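Notes to accompany the following structure.
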Amino acid sequence: MRIEVGRDGGRKLIAREWGAPDGSPVLLHHGMPGSRLGVALDDAAERHPHVRFFAYDRPGYGDSDRAPERRVADAAADSAAVADALGIGPFAVVGRSGGGPHALACAALLPGRVMATACLVGLAPRDGAGLDWFAGMTPYNVEHYTLADRDPAALERRLTPRAEAIRRDPGRLLEDLRDDLPAADLAVLADERVRRSVLATHREALRTSAYGWLDDSLAFCRPWGFEPAGITGRVMLWHGAEDVFSPVGHFHWLAEHIGRSTAVLEPGAGHFAAQYALSAALDWLR
């Protein structure tokens, strides 16, 4: 079910909910580029009948209005507004990949409302002290984030035609990345359930523009607006040891700086294995 949520200044967010109406609420933050339609595999509600899932498209994705200059921290207020619109009080949060920092924002800035948080293959702050942010990162991502750092206008010029091409063929992004993918990720993407989820999220994410993709990229390279070390609630960090998109150094940095974290490093797993890790994260959240 598509739900419109009003925000300050007349801005709107597009959300959805599914699963058990009376279940434990869990907000799922999508990756980059991504949307509410690709946050979980299609059997998630069946496997977790106790969960009331909800998700929304971050500003600039799909029909959610853009919020220029948004920070990672701004996801906390947007998430709270979506929960309010759905009549949800306290909730848990899961963020995968680009959704990871936004899930951590909720943990840091909504401490009285977020019960627990899982960050799957998430990035660490660009200005993280002592972190070599690019170490182990695929050349595709190094180039992408270097432009976000140094020349946002050039990144916009690059992403706009790419978004148009992916809109015509949602599988295009996966094909563009194929040469950079380790064998572990290629095996996951051979799973038809995963491929359906990825194609659905790319199709909806870039249906109207590349702004969500651009603004996520810029937000990750700027100060986030909160310190992960300030998170006081329970946090699960899950990472694949072979991840080349969010390198394992990011996982170690977050584990070192978030006090109440349960850190799980999966040998032989890559970035896309987080599609399967959601189930374990939901069990941990209980």
Side-chain angles (χ1 to χ4, degrees), residues 1-5 7 11-16 18 28-42 55-70 75 78 82 95-100 102 121 123 138-148 151-181 185-186 188-221 245-246 271-272 274-275:
M1 177 174 62
R2 174 187 162 111
I3 302 157
E4 291 194 10
V5 178
R7 295 293 288 121
R11 179 168 62 86
K12 72 175 183 297
L13 296 170
I14 305 302
R16 69 182 285 238
W18 69 105
L28 303 182
H29 280 283
H30 63 73
M32 179 194 81
S35 77
R36 70 196 186 282
L37 302 183
V39 288
L41 298 181
D42 50 21
Y56 69 94
D57 296 346
R58 284 193 295 278
Y61 285 114
D63 287 324
S64 285
D65 292 327
R66 188 185 187 192
E69 304 295 321
R70 63 176 165 91
D78 279 350
V82 172
R96 186 179 76 239
S97 187
H102 297 93
V121 297
L123 292 166
T138 176
Y140 175 94
N141 270 18
V142 171
E143 183 180 17
H144 179 99
Y145 287 121
T146 298
L147 284 178
D151 195 345
L155 181 61
E156 181 174 1
R157 290 194 297 271
R158 172 169 295 188
L159 292 183
T160 298
R162 292 205 66 221
E164 292 173 356
I166 294 167
R167 208 152 41 231
R168 294 191 297 270
D169 176 11
R172 175 71 178 270
L173 181 57
L174 294 180
E175 294 307 314
D176 289 348
L177 295 175
R178 183 168 291 278
D179 289 345
D180 290 335
L181 292 173
D185 279 330
L186 292 173
V188 174
L189 290 171
D191 182 337
E192 185 56 34
R193 296 178 307 148
V194 173
R195 192 168 182 84
R196 275 200 309 272
S197 175
V198 172
L199 295 183
T201 201
H202 288 170
R203 182 182 295 110
E204 180 64 11
L206 304 174
R207 184 168 53 79
T208 58
S209 76
Y211 285 136
W213 196 358
L214 173 67
D215 293 340
D216 267 355
S217 305
L218 301 182
F220 294 149
C221 291
F245 293 97
S246 303
H271 191 74
F272 286 93
Q275 293 271 1

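All values reported here derive from a predicted model rather than from experimental measurement.
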inquiry  = Would you compute the distance between atom NZ of Lys12 and atom CG of Asp65 and round it to the nearest 0.5 angstrom?
reply    = 4.0 Å
request  = Look only at the side chain of Thr146 and the backbone of Val142, and say whether a donor-acceptor pair between them is shorter than 3.5 Å.
outcome  = yes
inquiry  = Let me confirm one number: the CD-OG distance from Glu192 to Ser197, rounded to the nearest 0.5 Å.
reply    = 11.0 Å
ask   = Mind checking what makes salt bridge (charged side-chain N to carboxylate O under 4.0 Å, His left out) contact with Asp42, not counting sequence neighbours?
value = Arg196
request  = Start with the C-alpha gap between Arg66 and Leu214, add the side-chain angles, then the distance that decides, and say whether side-chain contact (heavy atoms from CB on, under 4.5 Å) holds.
outcome  = CA-CA 11 Å; Arg66 188 185 187 192; Leu214 173 67; 3.9 Å; yes
message = Does His29 form a side-chain contact (heavy atoms from CB on, under 4.5 Å) with Tyr56? I'd like the steps, not just the answer.
response = CA-CA 7 Å; His29 280 283; Tyr56 69 94; 3.5 Å; yes
query = With sequence neighbours excluded, what pairs up with Arg193 under the side chain to side chain donor-acceptor pair (under 3.5 Å) test?
reply = Asp43, Asp191
task = Output the distance between atom CD (Gln275) and atom CG (Asp185), rounded to the nearest 0.5 Å.
result = 10.5 Å
message = Can you list everything that forms a salt bridge (charged side-chain N to carboxylate O under 4.0 Å, His left out) with Glu69? Sequence neighbours excluded, please.
response = Arg222
note = Closest non-hydrogen contact found for Ala154 with Leu147 is CB-CD2, 4.1 Å
key: Donor-acceptor contact present, side-chain Thr208 to main-chain Gly62, <3.5 Å   = yes
inquiry  = Below 30° counts as parallel, above 60° as perpendicular, anything between as tilted: where do the rings of Phe272 and Phe245 land?
reply    = perpendicular
query = Looking at Gly34 and Ala205, what are the two nearest heavy atoms and their distance?
reply = O-CB, 3.0 Å
message = Holding to salt bridge (charged side-chain N to carboxylate O under 4.0 Å, His left out), I want the full list of residues that pass it with Glu143, two or more places apart in sequence or in another chain.
response = Arg158
Which residues share a side chain to side chain contact (heavy atoms under 4.5 Å, CB included) with Asp180, sequence neighbours left out = Thr138, Pro139, Tyr140
message = Other residues, nucleotides and ligands only: do more than 12 of their heavy atoms fall within 6.0 Å of OH on Tyr211?
response = no
remark   = Between Ser217 and His144 the two heavy atoms that sit nearest each other are OG-NE2, 2.7 Å
request  = Begin from the C-alpha positions of His271 and Leu181 and carry the test side-chain contact (heavy atoms from CB on, under 4.5 Å) through to its verdict.
outcome  = CA-CA 9 Å; His271 191 74; Leu181 292 173; over 6 Å; no
remark   = Between Leu28 and Ala55 the two heavy atoms that sit nearest each other are O-CB, 3.4 Å
inquiry  = Less than 4.5 Å apart, side chain to side chain, heavy atoms only: is that true for Glu4 and Leu13?
reply    = no
task = Please list, chain by chain and in numerical order, all residues satisfying side chain to side chain donor-acceptor pair (under 3.5 Å) with Arg7, sequence neighbours excluded.
result = Asp78
key: All salt bridge (charged side-chain N to carboxylate O under 4.0 Å, His left out) counterparts of Asp176, not counting sequence neighbours   = Arg162, Arg172
remark   = Residues passing the side chain to side chain contact (heavy atoms under 4.5 Å, CB included) test with Arg70, sequence neighbours excluded, are Arg58, Pro59, Tyr61, Ala67, Asp74, His102, Asp215, Asp216
ask   = Do you know which two heavy atoms are closest between Val5 and Ala15, and how far apart they sit?
value = CG2-CB, 4.4 Å
Under the side chain to side chain donor-acceptor pair (under 3.5 Å) test, residues paired with Arg168 that sit two or more places apart = none
query = Taking only residues two or more places apart in sequence or in another chain, which ones pass side chain to side chain donor-acceptor pair (under 3.5 Å) with Ser64?
reply = none
message = For Ala148 versus Leu218, what's the shortest heavy-atom pair and its separation?
response = O-CD2, 3.6 Å
Side chain to side chain contact (heavy atoms under 4.5 Å, CB included) against Glu175, all qualifying residues, sequence neighbours excluded = Arg178, Arg195
ask   = With no hydrogens and no angle check, is any side-chain donor or acceptor of Arg96 less than 3.5 Å from a backbone partner on Val39?
value = yes
key: Partner set under side chain to side chain contact (heavy atoms under 4.5 Å, CB included) for Glu204, not counting sequence neighbours   = Ser35, Arg36, Leu37, Asp57, Arg207
